[in-house]
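The basis for the numbers below is simple: all heavy atoms, side chains too, and nothing from hydrogens, waters or symmetry mates. Each ligand, and each atom within it, is numbered from 1 in the order the structure gives. If you're wondering where the values come from, they're calculated on a predicted model, not measured in any experiment.
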Amino acid sequence: MIVDILTIFPGIITPALSESLLGKAVDEGLLEINVHDIRDFTEDKHQSVDDAPFGGGAGMVMKVEPIYKGVKACIDSQPNLQSTVIVTSASGRRFDQQYAEELSRMEHLIVVCGRYKGIDARVMELFDVREVSIGDYVLTGGDFAALVMIEAMARLIPGYMSKFEAAETDSFTSGLLGYPEYTRPKEFMGLEVPEVLISGHHENIRKFRRRKALEKTLHNRPEMIDSIELNEEDKSIINELRSENSDSR
Ligand code: ADE
């Protein structure tokens, strides 16, 4: 996969891409990430990327020309790939694990980091743009949002997991939040690792983890329980958890 990022703050994006597993994935050639400064696509002497909004109001709007030129150059640079253009925006569709999976199967992603009040709406008419938000809150700019999306998406690229991580135990992959994990030492400040995890009894470990995942989801994100398929074992665990909860009130 190739990812082109258009930003007016390459200094936010570039360092993050060389660190951690994302950096390794880039080194190993699982994905190529190119960061472009939108100012490089301006033609005026001040390299302006923003201007006041028509119709008035506070704040600045990102100009259409440099973004058009930048996106067009990225598309033209990969004539044999299907390009998908994403604009980060608080008013976009909400990014989630399912969307990360969808993006991880794309050939060529072009991510435009929105800033200020937003970008000139004509960009959305000139290209088939997907506006994407990482959550219901407003950031000063979309650079961190772009990093969040790329980091969530990159680890799902075929090959990444087998090399570096395991996806099956991720929160959301099973429709539930993740169960708690422990590592050495077995005891820390009087807190013991649950006995079952040291027992070597695989079936009991599986049941323990399922129960803990259900418990966590019920506590932190109860609405998620209604949207997943529960088997009989899950249903009886949930009934137990619910009655334990009402007993303790
Ligand atoms: N830009 C500003 N807020 C944002 C958000 N929540 N997601 C994506 N881009 C943004």
Side-chain angles (χ1 to χ4, degrees), residues 1-17 19-20 22 31 33-42 47-71 74-75 83-106 108-157 170-172 177 220-221 223-224:
M1 163 182 304
I2 297 182
V3 182
D4 282 299
I5 307 175
L6 288 152
T7 172
I8 53 167
F9 291 109
I12 294 180
I13 305 274
T14 308
L17 299 177
E19 294 291 330
S20 180
L22 188 55
L31 80 162
I33 308 183
N34 309 305
V35 183
H36 310 275
D37 189 336
I38 295 173
R39 288 186 203 280
D40 291 343
F41 299 96
T42 54
Q47 294 196 298
S48 2
V49 289
D50 61 320
D51 208 336
F54 278 120
M60 300 291 264
V61 175
M62 287 179 82
K63 289 165 71 64
V64 61
E65 306 101 306
I67 295 182
Y68 172 77
K69 283 188 192 139
V71 172
C74 292
I75 293 175
S83 303
T84 304
V85 184
I86 288 180
V87 168
T88 61
S89 161
S91 54
R93 71 158 275 189
R94 180 102 65 87
F95 184 75
D96 58 14
Q97 187 70 11
Q98 217 181 333
Y99 202 41
E101 277 165 22
E102 192 180 326
L103 295 186
S104 73
R105 293 189 290 270
M106 305 273 172
H108 179 209
L109 281 183
I110 299 167
V111 184
V112 181
C113 304
R115 277 256 147 191
Y116 311 113
K117 267 180 72 142
I119 70 179
D120 190 305
R122 286 169 291 187
V123 170
M124 270 59 84
E125 291 183 50
L126 291 162
F127 302 102
D128 183 9
V129 165
R130 300 171 176 218
E131 288 183 271
V132 187
S133 160
I134 59 162
D136 292 345
Y137 40 81
V138 179
L139 302 165
T140 314
D143 303 270
F144 290 103
L147 283 174
V148 165
M149 284 192 260
I150 289 163
E151 144 82 32
M153 173 280 294
R155 57 194 292 285
L156 301 172
I157 293 174
D170 280 351
S171 287
F172 307 108
L177 300 183
N220 290 348
R221 297 286 301 276
E223 81 286 359
M224 278 172 66

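- One finds the OG atom of Ser83 at 11.0 Å from the CG atom of Asp128 (value rounded to the nearest 0.5 Å).
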List ligand 1's nitrogen or oxygen atoms that come under 3.5 Å of a protein nitrogen or oxygen, with the partner atom and distance.
from, atom 1, to, atom 2, distance (Å)
ligand 1, 3 (N), Leu139, N, 2.9
ligand 1, 6 (N), Gly135, O, 3.1
ligand 1, 6 (N), Tyr137, O, 2.8
ligand 1, 7 (N), Ile134, N, 3.0
ligand 1, 9 (N), Ser89, N, 3.2

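- Glu102 meets the salt bridge (charged side-chain N to carboxylate O under 4.0 Å, His left out) test with Arg130; sequence neighbours excluded.
- In Glu223, the CD atom is crowded: over 12 heavy atoms of neighbouring residues, nucleotides or ligands sit closer than 6.0 Å.
- Listed by first and then second residue, the side chain to side chain donor-acceptor pair (under 3.5 Å) pairs involving residues 52-68 amount to none (not counting sequence neighbours).
- Considering all non-hydrogen atoms of both residues, Pro53 and Val61 come closest at CB-CG2, 3.7 Å.
- With sequence neighbours excluded, the residues satisfying side-chain contact (heavy atoms from CB on, under 4.5 Å) with Asp40 are Asp37.
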